[in-house]
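For the single chain, residues carry numbers from 1 onward in sequence order. The shown structure was predicted, so the numbers you read here are calculated from the model rather than taken from an experiment. Every number for a ligand or one of its atoms is a count from 1 in the order of the listing. Reckoned from all heavy atoms, side chains included, excluding hydrogens, waters and symmetry mates.
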Amino acid sequence: MGGECYIIPRLILALAGTVMMMMTTPIGPMAASIDYADALSKSILFFEGQRSGKIPSTQRITWRKDSGLQDGSDIGMDLVGGYYDAGDNVKFSFPMAFTVATLAWSVIEFGQLMGSEQQNALEAIRWGTDYLLKATSVPDVVVGVVGDPNADHDCWERPEDMDTPRTTYVVNKTSPGSEVSAEIAAALAASSIAFQGSDAKYSKLLLDRAKQVFDFADQFQGSYNSSIPQGACPFYCDFSGYVDELLWGAAWLHKATNDAYYWNYIQRNLKHLETRDIDGNPYEGAGIDEFGWDSKTAGINVLISQRVMKDPNNGNPFIFNADQFVCSILPDSPTVKSVSYSPGGLIFKDGGSNLQHATALSFLLIVYARYMIDAKKVVRCGDFVAQPDKLIEVAKGQTDYILGKNPLGMSYMVGYGQKFPQKIHHRGSTIPSIVAHPKFLGCHGGDLYFKSQKPDMNQLTGAVIGGPAKDDSFENSRYNVPQSEPTTYMNSPFVGVLAYFKASV
Ligand SMILES: *[C@@H]1O[C@H](CO)[C@@H](O)[C@H](O)[C@H]1NC(C)=O
Ligand SMILES: *[C@@H]1O[C@H](CO)[C@@H](O)[C@H](O)[C@H]1NC(C)=O
């Protein structure tokens with residue numbers, strides 16, 4: 001999943017025949033050395049291109065200007081700010097909160113390795129948390145979506161020109177949304193830890209709100225799928241149920257507070273964790289292998305394992321599950337895999353926006369490897385014994401692939417390396433900036449730029465896009481949404497991964 005931003009089908013039909021496919025060559029490119037520091041800076045810079053709201057004077061991606069300044073006015077709330085999720089102009093709280101949670105986790109684990117980029121990473125978190133605070137400012141109400149997603153997706157329009165309905169969709173006590181609410185609680189709790197050292201007052205504000213929103217998510221249970229169907233589906237339907245978000249929220253609150261209440265909550269509710277895959281089908285092998293905007297299971301187990309690894313009596317089922325998760329990824333493991341690998345070595349899972357899996361799973365592998373080193377532990381997959389190095393090696397393979405060590409010799413991060421995607425599925429990037437072209441462009445005012453075979457007008461530096469197909473081929477085309485669209489939650493865990501490799505080479 002994650003290919004949630006569909007371009008107008010009639011445009012696809014009109015040009016489908018003219019799209020050229022770049023084929024994989026059997027000869028690998030010359031091994032270029034990877035500049036992880038450069039990639040790290042760019043991966044964080046990307047978030048400025050996704051900003052909604054009032055753009056500050058410190059903005060470095062200068063082709064983006066103010067947008068969505070009336071957001072929330074339809075229900076008398078100030079909902080200005082936050083992030084657009086991908087190549088469209090909607091603010092979806094569910095994936096936005098996951099993005100913020102994983103950015104915060106990146107800073108918690110690897111902030112010390114980021115150097116001067118740590119400050120930029122904290123700014124990227126704050127842009128999200130400032131909005132999430134607004135989205136939860138009324139007790140027992142949580143803003144799920146701003147912007148009518150269907151109307152938005154029918155247009156190819158700059159955020160600065162948006163004239164589609166900016167409808168606000170909220171969940172409340174009678175129409176609840178435990179997944180979106182608990183994910184916001186997780187994001188706020190994780191961010192409160194990330195800000196502890198630099199802004200204690202803000203950190204406390206985030207934590208207090210996280211507790212309040214978590215209580216709301218838990219006391220009024222239900223899925224936002226049915227409470228705000230027009231806002232949730234088919235864009236970010238919750239397929240995996242909301243128990244994973246409740247446990248994930250509790251796990252972050254426990255890490256932030258050390259309060260036994262959250263630990264007991266996790267123990268009590270673990271049995272309710274649904275074991276369904278990302279397509280909603282019952283999952284063989286306990287459904288512990290997913291980590292993305294929908295399902296948090298692998299992240300829950302890895303996160304909690306840090307606490308319990310040194311105390312084997314307390315380790316079940318988290319360490320067992322986290323080990324199984326690792327075994328389901330490592331190519332050398334004899335156990336059943338939850339991923340496949342392309343001939344060039346890239347991790348694949350079903351659905352679009354595949355690089356979200358490569359980045360998020362690499363992040364978990366590195367985090368878990370570091371916990372293992374700390375606890376002097378190995379992972380046993382049948383007869384195969386994995387040392388922490390093995391996990392790091394797999395994550396490095398994914399990272400290097402994304403940055404250019406692949407059969408096409410191209411980077412899948414915009415603006416990184418010699419050869420990178422030039423026609424991404426992103427409205428602001430495609431259409432001339434209002435700086436260059438101040439005249440208003442309406443709903444279809446951007447269509448000619450979408451259809452153009454020319455490279456993007458504005459470079460969305462640092463954006464990781466959906467990436468290549470299973471055979472390592474890549475179609476450099478805006479029409480190919482699963483391959484060419486960036487999303488915030490592909491970049492967010494990658495920030496931590498790049499900080500780690502920047503410091504380790
Ligand atoms: C909750 O939201 C629904 C639909 O948005 C609305 O009909 C209902 O009155 C709200 N309930 C409360 C308690 O505000
Ligand atoms: C959300 O909607 C999707 C699509 O209709 C469905 O498959 C899924 O089971 C729903 N999830 C929940 C938690 O209701």
Side-chain angles (χ1 to χ4, degrees), residues 1-6 71-77 79 85 90-98 134-151 153 165-186 212-250 269-284 286-288 290-297 299-300 349-353 482 489:
M1 268 311 291
E4 54 292 324
C5 298
Y6 306 103
D71 282 0
S73 57
D74 59 328
I75 60 162
M77 283 178 83
L79 295 170
D85 66 303
V90 182
K91 299 195 294 201
F92 292 101
S93 298
F94 191 34
M96 197 196 303
F98 178 69
K134 289 182 176 184
T136 55
S137 62
V138 177
D140 298 334
V141 171
V142 167
V143 174
V145 177
V146 175
D148 176 337
N150 289 301
H153 284 65
R166 296 300 288 173
T167 314
T168 301
Y169 304 86
V170 305
V171 296
N172 59 26
K173 290 184 186 181
T174 50
S175 300
S178 298
E179 66 290 89
V180 62
S181 307
E183 187 64 43
I184 291 176
Q212 185 187 316
V213 177
F214 178 79
D215 288 345
F216 167 67
D218 180 42
Q219 282 168 28
F220 303 97
Q221 291 194 11
S223 170
Y224 89 146
N225 269 14
S226 35
S227 295
I228 46 171
Q230 320 86 322
C233 295
F235 304 94
Y236 289 99
C237 285
D238 173 29
F239 294 95
S240 74
Y242 54 77
V243 177
D244 57 329
E245 280 81 21
L246 286 169
L247 291 175
W248 169 242
N269 289 285
L270 208 48
K271 60 180 179 294
H272 302 303
L273 191 57
E274 285 184 31
T275 53
R276 292 185 180 274
D277 70 10
I278 211 151
D279 298 317
N281 302 314
Y283 205 52
E284 289 171 35
I288 52 171
E290 300 288 340
F291 188 53
W293 61 263
D294 185 12
S295 177
K296 316 288 141 60
T297 47
I300 295 167
K349 282 174 101 80
D350 289 341
S353 301
Y489 45 88

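- Defined by atom type and a distance below 3.5 Å, a donor-acceptor pair is present between the side-chain atoms of D294 and S240.
- Numbered from 1 in the order shown, with element, the atoms of ligand 2 that lie under 4.0 Å from a heavy atom of N225 read 1 (C), 2 (O), 3 (C), 8 (C), 10 (C), 11 (N), 12 (C), 14 (O).
- Salt bridge K296/E290: absent, no basic N to carboxylate O contact under 4.0 Å.
- Protein heavy atom at the shortest distance from atom 13 (C) of ligand 1 is T174 OG1, 3.9 Å.
- Between K91 and D85, none of the side-chain N atoms (NZ, or NE/NH1/NH2) sits under 4.0 Å from a carboxylate O, so this pair counts as no salt bridge.
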Can you check side chain to side chain donor-acceptor pair (under 3.5 Å) on T174 and N172, steps first, answer last?
-> CA-CA 6 Å; T174 50; N172 59 26; 3.2 Å; yes
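- The option with the heavy atom closest to atom 4 (C) of ligand 1, from among G144, S175, S227, is S175.
- Contact annotation for atom 9 (O) of ligand 1: protein absent (non-hydrogen atoms, distance under 4.0 Å).
- Which parts of ligand 2 touch D238 is read off a 4.0 Å heavy-atom cut-off, strictly below it: atoms 1 (C), 8 (C), 10 (C), 11 (N), 12 (C), 13 (C).
- Atoms of ligand 2 lying under 4.0 Å from at least one heavy atom of S223, given by number and element, are 12 (C), 13 (C), 14 (O).
- Close approach of ligand 1 to N172 (heavy-atom distance below 4.0 Å) involves ligand atoms 1 (C), 2 (O), 3 (C), 8 (C), 10 (C), 11 (N), 12 (C), 14 (O).
- With no hydrogens or angles considered, a side-chain donor-acceptor pair links T168 and D74 at under 3.5 Å.
- Atom-to-atom distance recorded for F216:CZ and S181:OG is 4.5 Å, nearest 0.5 angstrom.
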